[in-house]
Amino acid sequence: MKQALKTAISPTREEDYAEWYQQVVRVADLAETSAVRGCMVIKPWGYSLWENIQRVLDGMFKATGHQNAYFPLFIPLSYLQKEAEHVEGFAKECAVVTHHRLEAGPDGNLVPAGELTEPLVVRPTSETIIGATFAKWVQSYRDLPLLINQWANVVRWEMRPRIFLRTTEFLWQEGHTVHASAQEAQEETERMLDVYADFAERYMAIPVIKGEKTDSERFPGAVSTYCIEAMMQDRKALQAGTSHFLGQNFARSSEITFSDVTGKEAHAWTTSWGVSTRLIGGLIMTHSDDNGLILPPRLAPRHVVILPMLRKDKNRAEILAYCKRVAQELRGLRYDDQPLQVELDTRDASGGEKVWSWIKKGVPLRVEIGQRELDNDALFVGRRDQTQSERSSQARAEFVQTVTKQLDEIQAALLERARTLRDQYTRRIDSKDEFYDFFTPQNRDKPEIHAGFALSHWNGQPGIEETIKNDLNVTIRCIPLDAPEEDGRCIMSGEPSRRRVIFAKSY
RNA sequence: CGGGGCGUAGCGCAGCUUGGUAGCGCACCUGCCUUGGGAGCAGGGGGUCGGCCGUUCAAAUCGGCUCGCCCCGACCA
């Protein structure tokens, strides 16, 4: 008999966090790398997770008055150039289309031909082309606010891809809105940040900190950038979503103007905001353990998997019939306003093999059904947020009655667990020595699990940020919005400060 | 794009130092037997050893170039 593995994933998080992450992606069947550098294939299990994220967010966008539309993949080069800061920020990572045809070359291989008069940039983000379109749509204050979202793919030619976290092509949504006043645009920016934070906590079970970015981390072309920041299990920060107040910058470069109530022509105020497939990376790194993925029930493609434990010589048919009956009963239920998703795993594999495959894929509830359950009209239930030894027998009727409550409990437990971890590794630090000590790796040769978040005072000077980044590879993740003002002194300069900011290593 | 590491079957690896034409475990296929913590037995399929060029009678093995992946940076969602 094969020896039982200690953990399904090897190496463990502690042993090699980066490798563990890739293993989870692979064994959970979420995605794989492709023939194209930096681009991933999202497999059905991973894509259905994305579909659930889309469904929920899309509902939240609609509920806040937004409509979906779709804009071109290609952006004329001249559009991108219109906003100086914007082009500077993205120029280094643009894929550029220069030809529109292939012809056989002298050696028979195809070569690009038909050079374009103006190169097209594959969108890294769509502010410029959407701005040009909005300029035509907006004439009067009566056309405002204009609240649009698009689900799309974008391309950013990153130097260091990491599956889900930083791929060359990624899927996202980008909201783009136009308003008649700065205040309205500012309110929209904050509203959508709230939507993201709400989604992260209530659906992804990821506790996040809402904050504003410093100048050095601001979106190119924005007046101000807001973000939600989460702590991963290696205690690095992950920016999970951003919302930008663009002021009149893009309205000026795209000439989005309107006649106000008095008939006066004015530039509009715009916002943009987005989350991407990076969220899936964040989900993995927040909840998963050394046995694989753990999915929050509200986003899980399957809520319950039923695993028949069959013996050849005994009541196979009866056990299977019982399994089907349970599946049918469960499928009649609803969870979180959606049909409860139930999988009956009838694969011809051993019980252990089936159980572990679903553990690795992160399904919240596993129901094992064999002769004992059939005899007692019961189910043997395992929760993915608990260990295998914590499984328990439950009466069938009781399980059916309480399954949604059990899913809610798992959802809440995951959020609580993540919040506890984050709080445990968040420290208020008031001296430079302690700060440097905090962020200096314990094991210089292999720094994998990091220190966490430091809440410290900062004098607002970019020079200090840069020094800290150069010394420790630590940056200001955000200036928290909810933090109370307090008197303190910058840990580096000793100058007075009114507010703590979050320092951390980040993805 | 800089520094380091690694490319041998789907996954994980050995073989390379000392050249002789490829192996192991898991996975996969068939049969039997099994299925409640990742089963067993028997048989079987699958690799131009990342690619190109060179050295050689002969290259997974030696040399050069190149591509890709991973880690640490810089850049970034």
Side-chain angles (χ1 to χ4, degrees), chain A residues 1-8 10-11 16-19 21-23 26-27 32-38 89-93 124-125 154-174 196 213 216-217 219-220 225 227-230 237-244 272-282 291-292 307-314 316 319 345 347-360 366-374 380 382 387-389 391 393 441 444-448 469-470 473 475 505-507:
Chain A
M1 184 177 149
K2 202 174 98 175
Q3 64 168 18
L5 298 172
K6 280 196 289 289
T7 59
S10 173
D16 187 343
Y17 193 83
E19 177 63 20
Y21 171 75
Q22 292 176 83
Q23 293 285 328
R26 194 166 62 77
V27 303
E32 60 190 36
T33 53
S34 73
V36 183
R37 178 195 154 74
F90 285 105
K92 282 173 292 189
E93 50 185 40
T125 180
V154 287
V155 167
R156 297 181 187 177
W157 214 265
E158 299 290 352
M159 288 298 105
R160 194 180 162 191
R162 221 165 173 326
I163 199 158
F164 282 118
L165 295 172
R166 198 183 303 103
T167 46
T168 302
E169 178 191 16
F170 57 93
L171 306 184
W172 78 343
Q173 58 70 217
E174 46 182 325
Y196 288 154
K213 287 294 188 188
S216 65
E217 301 264 333
F219 176 76
T225 287
C227 61
I228 50 172
E229 294 282 333
L238 183 78
Q239 178 176 309
T242 49
S243 186
H244 314 292
S272 68
W273 28 275
V275 296
S276 71
T277 36
R278 165 178 267 201
L279 286 177
I280 296 176
N291 288 324
L307 304 159
M309 298 293 157
L310 303 171
R311 288 176 186 276
K312 188 163 206 176
D313 52 336
K314 293 186 184 169
R316 284 181 73 97
I319 292 171
D345 185 355
R347 287 176 301 166
D348 180 26
S350 75
E353 172 62 29
K354 282 195 218 181
V355 168
W356 281 99
S357 73
W358 291 106
I359 288 174
K360 288 184 281 195
R366 299 181 307 278
V367 172
E368 295 173 47
I369 296 178
Q371 186 63 45
R372 279 206 301 273
E373 284 67 39
L374 181 62
F380 200 54
T387 65
Q388 271 284 78
S389 57
R391 287 173 299 169
S393 184
R444 285 187 170 281
D445 299 330
K446 212 179 160 194
E448 271 144 5
K469 184 171 184 178
N470 291 338
N473 192 26
T475 50
K505 294 187 182 179
S506 74
Y507 278 97

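Lettering follows sequence order; numbering is per chain, from 1.
- Using a 4.0 Å cut-off, some side-chain N or O of A:Gln22 falls inside it from OP1 or OP2 of B:C71.
- Nucleotide B:U30 forms a Watson-Crick or G-U wobble pair with B:A42, both donor-acceptor distances falling under 3.5 Å.
- Rounded to whole Å, the separation between the P atoms of B:G43 and B:C49 comes to 29 Å.
- Between A:Ser350 and the phosphate of B:A39, there is a side-chain N or O to OP1/OP2 separation shorter than 4.0 Å.
- A sub-4.0 Å separation between OP1 or OP2 of B:C76 and a side-chain N or O of A:Lys213 is absent.
- For the residue pair A:Arg372 / A:Ser393, no side-chain donor-acceptor distance below 3.5 Å is found, with atom types taken as modelled.
- B:G68 is paired with B:C6 under the Watson-Crick or G-U wobble criterion, all donor-acceptor distances under 3.5 Å.
- One finds no side-chain N or O of A:Arg162 lying less than 4.0 angstrom from the OP1 or OP2 phosphate oxygen of B:C76.
- On a pure distance criterion of 3.5 Å, no polar donor-acceptor pair joins the side chain of A:Arg347 and the base of B:U35.
- Within 4.0 Å (heavy atoms only), A:Ser276 reaches at least one base atom of the nucleic acid.
- Residue A:Asn470 places none of its side-chain N or O atoms closer than 4.0 Å to OP1 or OP2 of B:G73.
- At the heavy-atom level, A:Ser389 lies under 4.0 Å from base atoms of the strands shown.
- The base of B:G36 lies close enough to the side chain of A:Glu373 for a donor and an acceptor atom to sit less than 3.5 Å apart.
- Within the 4.0 Å cut-off from OP1 or OP2 of B:C11, not a single side-chain nitrogen or oxygen of A:Arg26 is found.
- To the nearest 0.5 angstrom, A:Tyr507 atom OH is 9.5 Å from A:Arg166 atom CZ.
- Distance CG/A:Leu307 to CG/A:Asp345: 5.5 Å, rounded to 0.5 Å.
- When all heavy atoms of A:Thr125 and A:Arg156 are compared, the closest pair comes out as CB-NH2, 3.6 Å.
- Comparing A:Lys354 and A:Ser506 by the nucleotide of RNA chain B whose heavy atom lies nearest to each, the residue mapping closer to the 5' end is A:Lys354.
- Here A:Arg37 lies in heavy-atom contact (under 4.0 Å) with sugar-phosphate atoms only.
- Both distances falling under 3.5 Å, in either a Watson-Crick or a G-U wobble arrangement, occur for no nucleotide opposite B:U17.
- The base-pairing partner of B:U56, taking Watson-Crick or G-U wobble contacts with both distances under 3.5 Å, does not exist among the strands shown.
- Taking only distance into account, the side chain of A:Arg166 meets the base of B:C76 through a donor-acceptor pair shorter than 3.5 Å.
- Along RNA chain B, the nucleotide closest to A:Ala349 and the one closest to A:Lys469 are compared, and the more 5′ of them pairs with A:Ala349.
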